[in-house]
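First up is the structure itself, then whatever we jot down about it.
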There are 2 protein chains.
Amino acid sequence: MKNCTVYKTMNIVGKRWTIPILLELYKGEKREKHFNELKRKVVGITPKILSVRLVELQTEGLVEKYVGSSVLPERSNYFLTESGEDFVKVIQEIKKWGTKWKFENSECDRSLCRYCDI
Amino acid sequence: MKNCTVYKTMNIVGKRWTIPILLELYKGEKREKHFNELKRKVVGITPKILSVRLVELQTEGLVEKYVGSSVLPERSNYFLTESGEDFVKVIQEIKKWGTKWKFENSECDRSLCRYCDI
DNA sequence: CAGGATCCAAAAGGATACTG
DNA sequence: CAGTATCCTTTTGGATCCTG
C-alpha cells in the first residue's frame, strides 16, 4: 500500500495548508509571491508551517523559488512549477466533485471563486 | 477559507485511511464488503479507525451500509454510493498526476494496479 | 524581509482487550 | 462478526519570539 502512487501523492499534497498555498500561488496575474505575501494571503497560517510546507513543495518539485539579490533586503520569490500548475487541475476536479455532490456554493459556481480563484 | 468547497471536501476525504477504504470498496466485482473483510484488506488499519472512517463516510454520503439479518451473526455490508463512485474518478486524476510527474511505477501504469485497482 | 528556534496544546492514530 | 473502550504514543500544528 505504501508503494501506491495515490498514497504517495496524498502524502505530498494531503497535508494541512498545502492546497491553500498552491492555490494562492496560482492566483492572479503575478505568479511569483514573496514569503510574507503568502503569509498574509493564506489567512491563519504561521510562518513556521508556511516555511515547512514550502520546503516540502520544493523538495517534491511543485514549487520553486529564486532569491532576488538586486535589492536588499533579499526577497524570496516562490512560484509554481509545471507539475504544480498541473496539480491545480486536480484540485479543480476536487472542487467539481464538491460542488456537484456536497456544497451548494454560489461563490464556487462562478468561474473564479473568491476563495480559491479556480 | 473555511467556506471554500475545496477546503471542505478535503476535510472529508483528506484523512488518513479514507482513500484506501474507498478504493477497497471500489475493487472487484462484488461491490459490498463486510467490516472484517475491509479490515483484512486495508492492510494495517485498526478496527477503531476503520469504524470511525466508515461512520464519517456514511455521514458524508459516500458510503452506505445495510445489515443483513437473515443469517446470524449479523453482517454489515458496506458499499459506495453514487457520489462515492464518482469520487473514485477524482482519485484516478490524483493517480494520473502522480504517475506523470512523480512516480514511475510499472504497477500503476497498468489499467488495474494491484495496489488500488484503478 | 525571510525564516529558524522553542515550547506547548491538541489531535490523531496505534495497540490491545473486550462485548453483544 | 462488528464493532467499542481504554490507554498511550506520536504527530501536528499553533503561539511566540528571535535573528541575520
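All chains are named by letter (A, B, ...) in the order of the sequence lines, taking the proteins before the strands, and each is independently numbered beginning at 1. Just so you know, these numbers use all the heavy atoms, side chains as well, and skip hydrogens, waters and symmetry mates.
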Validation row: A/Val63, A/Thr81 side chains within 4.5 angstrom (heavy atoms): no
Residue-phosphate contact under 4.0 Å: B/Tyr78 side-chain N/O, D/dG3 OP1/OP2: yes
Approximate separation, where rounding is to 0.5 Å, of A/Ile19 CD1 and A/Ile91 CD1: 4.5 Å
Spacing of A/Leu50 atom CG relative to D/dT12 atom P, expressed in whole Å: 17 Å
Along DNA chain D (nearest heavy atom to each residue), the more 5'-positioned of B/Ser51 and A/Ile49: B/Ser51
N/O donor-acceptor pair, side chain A/Lys48 with base C/dG4, under 3.5 angstrom: no
Among C/dG3, C/dA2, C/dG14, the one nearest B/Thr46 by side-chain distance: C/dG14
5' precedence on DNA chain D between A/Arg53 and B/Leu54 (nearest-nucleotide basis): B/Leu54
Distance, rounded to the nearest Å, where A/Lys15 contributes NZ and D/dT11 contributes P: 12 Å
Distance, rounded to the nearest Å, where B/Trp17 contributes CH2 and D/dT11 contributes P: 15 Å
Nearest-0.5 Å distance that lies between atom NZ in A/Lys41 and atom CG in A/Leu23: 13.5 Å
Per B/Arg16 side chain, nearest of listed nucleotides C/dG14, D/dC1, C/dA2: C/dG14
Separation of D/dG20 P from A/Phe35 CZ (nearest whole Å): 18 Å
A/Phe35 and A/Tyr78 aromatic ring geometry - parallel, tilted or perpendicular at 30°/60° bounds: tilted
Spacing between A/Glu74 atom CD and C/dG3 atom C1', to the nearest angstrom: 12 Å
Nearest-Å distance for atom pair NZ/P, residues A/Lys39 and C/dC1: 9 Å
Between P of C/dG14 and CD1 of B/Ile45, the distance in whole Å: 8 Å
Proximity to the side chain of A/Pro47 - top-ranked nucleotide from C/dA2, C/dG4, C/dT16: C/dG4
B/Thr59 side chain to B/Val55 backbone, donor-acceptor under 3.5 Å: yes
Nucleotide C/dC18, atom P - distance to CG of B/Asn36 in whole Å: 18 Å
Sugar-phosphate, base or nothing in reach of A/Arg40, heavy atoms under 4.0 Å: nothing
